Protein chains: 2
Amino acid sequence: MPFGKPRGERADAVRNRERLLETARELIAEYGVEHVTMDGLAERAGLGKGTVFRRFGTRSGIFQALLDAAERQFQEQVLSGPPPLGPGADPVARLVAYGRARIAFLLANHAVARAALDRAQPIPAGDASVSQLHIRVLLGQADVRMPSLDGLSIQLTAALEGPLLLYLSMSGSSVPPTRDVDRLLGDSWQALVERITATP
Amino acid sequence: MPFGKPRGERADAVRNRERLLETARELIAEYGVEHVTMDGLAERAGLGKGTVFRRFGTRSGIFQALLDAAERQFQEQVLSGPPPLGPGADPVARLVAYGRARIAFLLANHAVARAALDRAQPIPAGDASVSQLHIRVLLGQADVRMPSLDGLSIQLTAALEGPLLLYLSMSGSSVPPTRDVDRLLGDSWQALVERITATP
DNA sequence: AGCCTAAACGGACTTTACCCCGTTTGCTAT
DNA sequence: ATAGCAAACGGGGTAAAGTCCGTTTAGGCT
């Protein structure tokens with residue numbers, strides 16, 4: 001049996017990763033996402049620039065890592081939190097709850113999510129596919145009759161994650177309170193889901 | 001009456017804009033979007049770097065301009081082309097046709113669209129809002145009964161424009177022929193629209 | 001304990017987007 | 001024509017992302 005252990009990450013590497021992530025969070029809180037620089041991060045963390053790049057590959061890699069951590073926490077709630085977000089409730093109710101929770105999550109993290117985009121890579125992927133899978137499963141449980149559940153789940157996912165981008169794209173100068181957007185998008189999502197899952 | 005004419009763009013400026021746009025198209029065709037550099041563009045066009053930035057502000061500005069031109073052409077078809085894409089057909093049929101055409105357009109231009117994103121700005125906006133407005137109008141004509149037509153049109157727009165990103169995010173290495181994606185997304189869109197506009 | 005190697009580290013170097021400002025040029029009113 | 005000026009041009013300068021490679025170190029092995 002070859003490769004019993006591909007020799008995991010070294011202790012100092014792990015330590016430095018944590019340190020960098022934490023420092024990044026500080027810098028974001030202090031100066032805002034777009035003013036976080038690799039040099040600045042390295043210096044504040046007391047490490048070399050080469051180290052930062054070794055750990056995260058690219059600038060957006062840092063934000064991907066950050067987002068990933070937040071994402072994991074979010075999924076935790078979905079997989080084993082209390083209903084209706086967690087398991088145990090009616091599938092349609094869970095879909096609605098999921099959408100609302102997801103919107104709140106995206107609103108809270110949009111700056112980081114945006115910075116996680118990378119011009120050189122296809123697209124970070126990461127979270128959206130998880131979202132899509134969850135939606136797909138719930139749709140199946142809800143017994144929706146449609147030619148292609150896959151296609152529908154792709155579009156619902158987009159309908160869920162996309163509006164935020166559209167919303168931000170148009171706001172420009174005026175920045176209405178997050179609370180309102182949260183509610184508007186949540187209500188729309190609920191209406192959409194209920195209309196689609198309605199049995200004629 | 002002040003500002004009779006804010007003194008329009010100078011002739012040489014117009015000429016150079018065209019030239020830069022055309023050169024950009026060449027470079028994209030030759031080396032791919034992500035290898036187009038501002039220096040390279042300026043040199044090939046026989047102009048100074050400063051000029052390029054004066055015209056487009058930022059690197060992504062170039063791609064926004066490029067996309068804008070393509071977009072205008074597309075909207076032309078929608079506003080005064082033959083039905084069902086153009087005016088004259090049943091609203092639901094037009095919605096379906098619009099979605100299919102839009103998907104094809106996005107697939108054809110996704111590389112440029114992606115490059116048009118700008119880390120420093122909210123989001124290019126530009127086209128999506130037009131798309132949304134059109135959808136909004138058609139929904140109104142189709143007499144859909146929903147609490148918020150605005151919310152619905154935002155989400156439908158996202159459902160239309162978003163899947164492409166999701167699709168691209170997951171493909172990674174394998175790149176299935178565009179034709180198939182085109183059809184899959186088109187069919188899904190049609191199913192979604194018909195389900196939503198169906199009168200129970 | 002001491003050795004050995006793969007992994008991690010650091011920082012100088014390169015590339016590229018973007019800024020600045022002195023110079024040039026198309027327009028318009030005389 | 002031509003003078004005046006706002007606008008356009010050019011290219012050197014700066015900052016930040018990303019690369020390279022020589023140096024250091026953790027941690028398994030003898």
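Computed from a predicted model, the values in this text were never measured in an experiment. Every chain is numbered from 1, with letters handed out A, B, ... down the list of sequences. Hydrogens, waters and symmetry mates play no part in the numbers below; they use all other heavy atoms, side chains included.
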Donor-acceptor check, side chain of [X] to backbone of [Y], threshold 3.5 angstrom: yes or no?
X: Asn109(A); Y: Val112(A); result: no
X: Trp189(B); Y: Leu95(B); result: yes
X: His134(B); Y: Ser131(B); result: no

Whole angstrom value for the distance that separates [atom2] of [N] from [atom1] of [X]:
X: Arg19(A); N: dG10(C); atom1: CZ; atom2: P; value: 10 Å
X: Asp12(A); N: dA6(C); atom1: CG; atom2: P; value: 17 Å
X: Phe56(A); N: dA17(D); atom1: CZ; atom2: P; value: 14 Å
X: Arg55(B); N: dG10(D); atom1: CZ; atom2: C1'; value: 14 Å
X: Asn16(B); N: dC9(D); atom1: CG; atom2: C1'; value: 8 Å
X: Glu9(A); N: dG27(D); atom1: CD; atom2: P; value: 11 Å
X: Ile62(A); N: dA16(D); atom1: CD1; atom2: C1'; value: 13 Å
X: Glu43(B); N: dG10(D); atom1: CD; atom2: P; value: 13 Å

Requested in this report: Can you establish whether the number of heavy atoms outside Glu194(A) located under 6.0 Å from its atom CD is more than 12?
Outcome: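 Enclosed.
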Do the side chains of [X] and [Y] get close enough for a salt bridge, i.e. N-O under 4.0 angstrom?
X: Glu71(B); Y: Arg102(B); answer: yes
X: Glu22(B); Y: Arg19(B); answer: no
X: Asp68(B); Y: Arg72(B); answer: yes

Query raised in the report: In residues 26-33 of chain A, which residues come under 4.0 Å of DNA chain D by heavy atom?
Result: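 The answer is none.
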**Report entry** Residues which pass side-chain hydrogen bond (donor to acceptor under 3.5 Å, both in side chains) with Gln73(A), listed by chain and number, not counting sequence neighbours
**Finding:**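 Gln73(A) satisfies side-chain hydrogen bond (donor to acceptor under 3.5 Å, both in side chains) with no other residue.
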Query raised in the report: With the sugar-phosphate defined as primed atoms, P, OP1 and OP2, and the base as all remaining atoms, what B/S/- string results for nucleotides 12-24 of chain C, 5' to 3', for protein heavy atoms under 4.0 Å?
Result: B----SB------
Requested in this report: Would you indicate, yes or no, if dA8(D) has its OP1 or OP2 atom less than 4.0 angstrom from a side-chain nitrogen or oxygen of Thr51(B)?
Outcome: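 No, no such contact exists.
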Query raised in the report: With respect to the phosphate group of dA26(D), does any side-chain polar atom (N or O) of Arg15(A) fall under 4.0 Å of OP1 or OP2?
Result: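 Answer is no, no contact under 4.0 Å.
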Report task. List the steps and the verdict of side chain to side chain contact (heavy atoms under 4.5 Å, CB included) for Leu185(A) and Leu107(A). Result -> CA-CA 11 Å; Leu185(A) 292 181; Leu107(A) 277 177; 5.5 Å; no
